[in-house]
**Student:** 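One structure, pasted below without further comment.
As the structure is a computational prediction, the values presented were derived from the model and not from experiment. Residue indices begin at 1 and follow the sequence shown. Both counts, for ligands and for their atoms, begin at 1 and track the order of listing.
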Amino acid sequence: MAENMEGKVSNGEAHLDEPVANGLRHKKCSNETTVEKIKRLVMANLLVILTVAGVIIGVFIGLGVRHMELSRTQILYVGFPGELLIRLLKMIIIPLVVCSLVSGAASIDPKALGKLGGWAMIFFLVTTLIASAIGVIMAFIISPGSNTGSKPILSDDGKLPQAKEVVDSFLDLIRNIFPSNLVSAAFQSYATSYKFVTKNVSSGLPSITVEKVPFGTDQDGMNILGLVVFAIVFGVALRKLGEEGEILIKFFNSFNEATMVLVSWIMWYAPLGIMFLVAGKIVEMEDVGTLFASLGKYIACCIVGHAVHGLLVLPGIYFIITRKNPYTFLWGIFTALATGFGTSSSSATLPLMMKCVEENNGVSKHISRFILPIGATVNMDGAALFQCVAAVFIAQLNNIPLNFIQVFTILVTATASSVGAAGIPAGGVLTLAIILEAVGLPTSDISLILAVDWLVDRTCTILNVEGDAYGAGLLQWYVDRSDKPREGPELSEVKLEDGTPALPEHSPLIEEKESSSRGAGDETAAARGSEKESVM
Ligand code: ASP
C-alpha cells in the first residue's frame, strides 16, 4: 500500500504539484511555450477530449442519418460499433468484479475491512436517501403529473415488468445474495413469478377459490449481488488460511491486473463506441416531439434532480468532508461518466471507473477495487431519485393524493429498491413496481416511464456511478487521515497477510517515471497515481 510522503496523503488531490493522468495538476514549467502547454494539456486529456468529441459527432451522425428513413436492420448496423463496446465491457465484468473483490477482501485486515465497508455503506445509504428526498421534492415542486387533463397516451412497445408483491421482491433480493449455483449466477438471477391454483373448498357449501402461489424462476441477467457477496466472503476466507491461501491470492491479484490491462485497451475504443451508441439511439428514436410534449415535465424533473444531486449535493458532501476541490475529482472521472451516459449501465462503466479513480484521482487500488464493485451493485442514487419522481408523477396522473406516510414509504422503498436494481439499462424501472405496489399506485403506468427511460436512464446512470466514485474518494481520504498522525507507512490498517504493510502497487499499466528529485521514500508515492502514466 502507499507510503506517506511528508505528510501528503495519497488521494490524488493531495499531490497538487504533480502531474496526474488528466494533467490538471501539472507543475508549471516556466519556460514552456503556449503551444507546448496546449499540446501537453491535450495529450493529458486526450481520452476525455475524444469522448466528448465522440458524443458530439454521434449526435450529428444520428441527426443526419435519421432523415434517411432506415429500416430496422440498417439501424441495427449503425449501432454495431456501439454494440461492440457494450459487449467488451460486459465481457470484462465478471473477471473484474470477482478478482478485484477476492483480492481486495484478502488484502485488507478484517477489522479495517469491516470499518471501511461500514463507512461506505453509511455513505451510500445517506446519499441515496438524500437523492430520494430530492426526487420527491422536485416532483412536488414541478408537479409533472398535475393539470395534464388526460393521461398521456403513448405507444407501449416495451415489456412491462410483472407486478410483484413487495415482500416477494425483498425475499428475492435476499435469495439473490445467496445464489444456489455460482455458475448460473454469472448469467441468471432468481425472480418470483405467480401461478393461480384453484382449490375446491367444501366446508359448508362447496365453492372454488383461486390462490395466487409464488414460485421461483431463473431470469436472464447476471446475479451480480450474489457474485459480489461470494467474492468478498471468499477473499476473507483465503486470508484466514494464512500461508496456504497465498498462492490463490496471488492468482487473483495477477488475474485482476491482467483484466485491468484489458480495460485500458477497451478504454481507447470507448469514444468510438459511445459515438455509435449515441448515433444509433438518435436514429432509433421514434417521435421525440410527442414524448417531450406529454412527458417533458417528468423528464425535466428527473434530469434537474440528477443535476442537483450530481453537481451540488455529492460534490458538496465531498468538499465539506475533505476540503478538496470536488470538481477536479469529477473531471478525473469524466470518461467514466461519459461511458455511463453512453451505455446506461453502471456495471458496464465499472471497469473504466476503476481506472479513472486510480489513475486520475489517486484512489488506491485496495480501496477502488473493493468499494467500486460493491457501489456499482448496491449504490444507485440516480435510480432512487428517478423512482421517487416517477412514483409521485404516477400518483399525480391518477389524482391520488399522497399523505405523509405514503411519501415516507416512497422514500424508504425507493432507497431499498434501488439496492435491488441491476446496473443495466432500465434496471431501475424493473424495481419501480416495488414502490408503486407499496403505496398502492397502478403499476400499468410504468409504461409511461419506460417510454422515456432511454433518456432519463442516462443521467440516472451517470449519478449512480458518480456516487460510487465519490464514495471511493471519501474512503481514501478517511484512510489517509486516520493514518496520518501515526508514524510509519500510510494505511497501516490495510495490511498484507503477514501483517506487513502491502507493497507499493505495481501495475503492468503503470510505468514509473524516475524523478531525480525524489528520494527513495517517494518512489512509492510515484507508483500511486502521482507520476503515473498508462503504457497505453
Ligand atoms: N441503468 C442504471 C444503471 O445501470 C440502473 C437504472 O436503470 O436505474 O445504473
**Student:** Mind checking whether D453 has an N or O less than 3.5 Å away from an N or O of ligand 1?
**Tutor:** no

**Student:** Identify, for atom 6 (C) of ligand 1, the protein heavy atom at the shortest distance, and state residue, atom and that distance.
**Tutor:** G428 N, 3.1 Å

**Student:** Under 3.5 Å, N or O to N or O, is F386 touching ligand 1 that way?
**Tutor:** no

**Student:** Are side-chain heavy atoms of N398 and L441 found at a separation under 4.5 Å?
**Tutor:** no

**Student:** Looking at M380, which atoms of ligand 1 are within less than 4.0 Å of one of its heavy atoms?
**Tutor:** 9 (O)

**Student:** Could you list the atoms of ligand 1 found under 4.0 angstrom from a heavy atom of A426?
**Tutor:** 7 (O)

**Student:** Within the structure provided, determine whether I400 and P442 are in side-chain contact (heavy-atom separation under 4.5 Å).
**Tutor:** yes

**Student:** Does G427 reach ligand 1 with a nitrogen or oxygen that is under 3.5 Å from one of the ligand's nitrogen or oxygen atoms?
**Tutor:** yes

**Student:** Do L227 and N223 have side-chain heavy atoms sitting under 4.5 Å apart?
**Tutor:** no

**Student:** Out of G382, A422, S346, whose heavy atom sits nearest atom 3 (C) of ligand 1?
**Tutor:** S346

**Student:** Within a strict 4.5 Å, meaning less than it, do heavy atoms of the V304 and M138 side chains meet?
**Tutor:** yes

**Student:** Any idea which part of S347 is under 4.0 Å from ligand 1, heavy-atom wise: side chain, backbone, both or neither?
**Tutor:** neither

**Student:** If the contact criterion is a heavy-atom separation under 4.0 Å, does A421 count as touching ligand 1?
**Tutor:** no

**Student:** Measuring only between side-chain heavy atoms, which start at C-beta, is M222 closer than 4.5 Å to K90?
**Tutor:** no

**Student:** With a 4.5 Å limit on heavy-atom distance, are the side chains of I371 and L116 in contact?
**Tutor:** no

**Student:** Check each atom of ligand 1 against the heavy atoms of G423 and keep those under 4.0 Å away; list them by number with element.
**Tutor:** 3 (C), 4 (O)

**Student:** C460 heavy atoms, cut-off 4.0 Å: which ligand 1 atoms fall inside?
**Tutor:** 8 (O)

**Student:** Going by heavy atoms in the side chains, are Y298 and I449 under 4.5 Å from each other?
**Tutor:** yes

**Student:** In a check of ring pair (Phe, Tyr, Trp, His ring centres under 6.0 Å) between Y470 and each of Y318, F124, F123, which one passes?
**Tutor:** Y318

